[in-house]
Number of protein chains: 2
Amino acid sequence: MKDGIDMASYAQSWLGLVRVIHQVEAELARVMQSAHGLGLSEYRALAALAKAPDSELRMQDLATHLQLNQSSVSRMVERLERAELSVRDVCPDDKRGVYTVLTQKGRACLAAAEVDYEKTLEAAMKAHGCQAWLSVAMAHAQ
Amino acid sequence: MKDGIDMASYAQSWLGLVRVIHQVEAELARVMQSAHGLGLSEYRALAALAKAPDSELRMQDLATHLQLNQSSVSRMVERLERAELSVRDVCPDDKRGVYTVLTQKGRACLAAAEVDYEKTLEAAMKAHGCQAWLSVAMAHAQ
DNA sequence: CACCCGCTTGCATGGGCATACATATATCAA
DNA sequence: TTGATATATGTATGCCCATGCAAGCGGGTG
């Protein structure tokens, strides 16, 4: 951090960043919910599952990926199961573990939602002028 | 958006950005709650009130500033009042309006919390390497 | 009067914390 | 080695809180 920047403006800028992220996330959530009946966390869980080997992940891994509490993930997976987008499966080598496995329906739902997600994201970011942050994010992730 | 960037990595970078913001916000919330009994929105409401003329704001203004629903603000102000950090006051020229006014106790609470907030913010950002985003945010806010 | 606007309130939802429970692993005694 | 006990780990559940939406209520405005 540069010396010339005082704390107050530091906090102020942070607030600005948080506000924009919040708006874009809210827009994403609104679209996902109304167009596909998916919460944002649910959509991201599906996306994570689709990318995982065998389309399955353990609760903990989902929790880490989604930055959610383990209990929240447990309930989110419950919702996914009610919608038949995933099924639970026991972990053969560790009977404490539970896999959440993407179903065909889940994969189809994801495929349908993905388009809207990405379109909405791009539009919202354009609307809020935050491509600049994104390029930093890309550099950050290498 | 550049042509060479495909949608998937676009979304991926966004996810990275959201994750980091979320972690820092969570850390801030944890510290504010444990050290001062304040939720993040509550802290930010106090800060907004302190900066406002006469240390008072109407519900709508708070809602805009905090990016919260009006109903959420109504209840948040209720919490502030229970903690005696603010008081409601009717708007003399428009009796529909309600001012939330910072109390002495509220001002004191804010002063105490501000230090921790800024210290925590700086530390968390350093820990997650997101000064780069902040500088973009500053440029964004001029 | 009819209509709008600002706030509040009922309700539903998603999330976190603490806890319960089952399984896994380590340690120790005989 | 075997068995017993303590501890750690992975999930699920109870409870509470903050938030959003929609409806209600009351004051303003034409």
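Letters go in sequence order (proteins before strands), and every chain restarts at 1. The figures here come from the full heavy-atom set of this structure, side chains too, leaving out hydrogens, waters and symmetry mates.
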Between R107(A) and S55(A): side-chain donor-acceptor atoms closer than 3.5 Å: yes
Whether [X] contacts [N] is assessed here as follows: a side-chain N or O lying under 4.0 Å from the phosphate OP1 or OP2. Is that the case?
X: R79(B); N: dT19(D); value: yes
X: S74(A); N: dA12(D); value: yes
X: Q70(B); N: dC7(C); value: yes

Could you state the atom-to-atom distance from [atom1] of [X] to [atom2] of [N] in whole Å?
X: L38(A); N: dT13(C); atom1: CG; atom2: P; value: 15 Å
X: K95(A); N: dT25(C); atom1: NZ; atom2: P; value: 12 Å
X: R58(A); N: dA24(C); atom1: CZ; atom2: P; value: 10 Å
X: R44(A); N: dG15(C); atom1: CZ; atom2: P; value: 11 Å
X: M76(A); N: dT11(D); atom1: CE; atom2: C1'; value: 14 Å
X: L40(B); N: dT19(D); atom1: CG; atom2: C1'; value: 14 Å
X: D61(A); N: dT9(D); atom1: CG; atom2: C1'; value: 13 Å
X: Y99(A); N: dG10(D); atom1: OH; atom2: C1'; value: 12 Å

Pairwise 5' ranking along DNA chain D for S71(A) and Q67(B), keeping only the more 5' one: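 It is S71(A), whose closest nucleotide lies nearer the 5' terminus.
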What contact category does [X] fall into here, base, sugar-phosphate, or nothing, at under 4.0 angstrom with non-hydrogen atoms?
X: R75(A); answer: base
X: Q60(B); answer: sugar-phosphate
X: R88(B); answer: sugar-phosphate

Stepwise salt bridge (Lys or Arg N to Asp or Glu O under 4.0 Å) test for R44(A) and E25(A): CA-CA 12 Å; R44(A) 284 173 181 155; E25(A) 288 280 281; 2.8 Å; yes
Minimum-distance nucleotide to N69(B) side chain [options: dG20(D), dG28(D), dT13(D)]: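 Nucleotide nearest to N69(B)'s side chain: dG20(D).
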Nucleotide nearest L68(B) (side chain, heavy atoms from C-beta), chosen from dG20(D), dG15(C), dT11(D):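 For L68(B), the side-chain atoms sit closest to dG20(D).
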R75(A) with E78(A): basic N within carboxylate O range, under 4.0 Å: no
Donor-acceptor pair present, R96(A) side chain and dT11(D) base, under 3.5 Å: no
Donor/acceptor link under 3.5 angstrom from E78(A) side chain onto base of dA12(D): no
Closest non-hydrogen atom pair between E56(B) and A52(B), with its separation: O-CB, 3.6 Å
Whichever of P92(A) and E42(A) has its nearest DNA chain C nucleotide further upstream toward 5': E42(A)
Contact nearer the 5' end of DNA chain C, comparing S41(A) with D93(A):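 The residue closer to the strand's 5' end, by nearest nucleotide, is S41(A).
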Main-chain N/O of V18(A) paired with H22(A) side-chain donor or acceptor, under 3.5 Å: no
Side-chain heavy-atom pair L46(A), L38(A) within 4.5 angstrom cut-off: yes
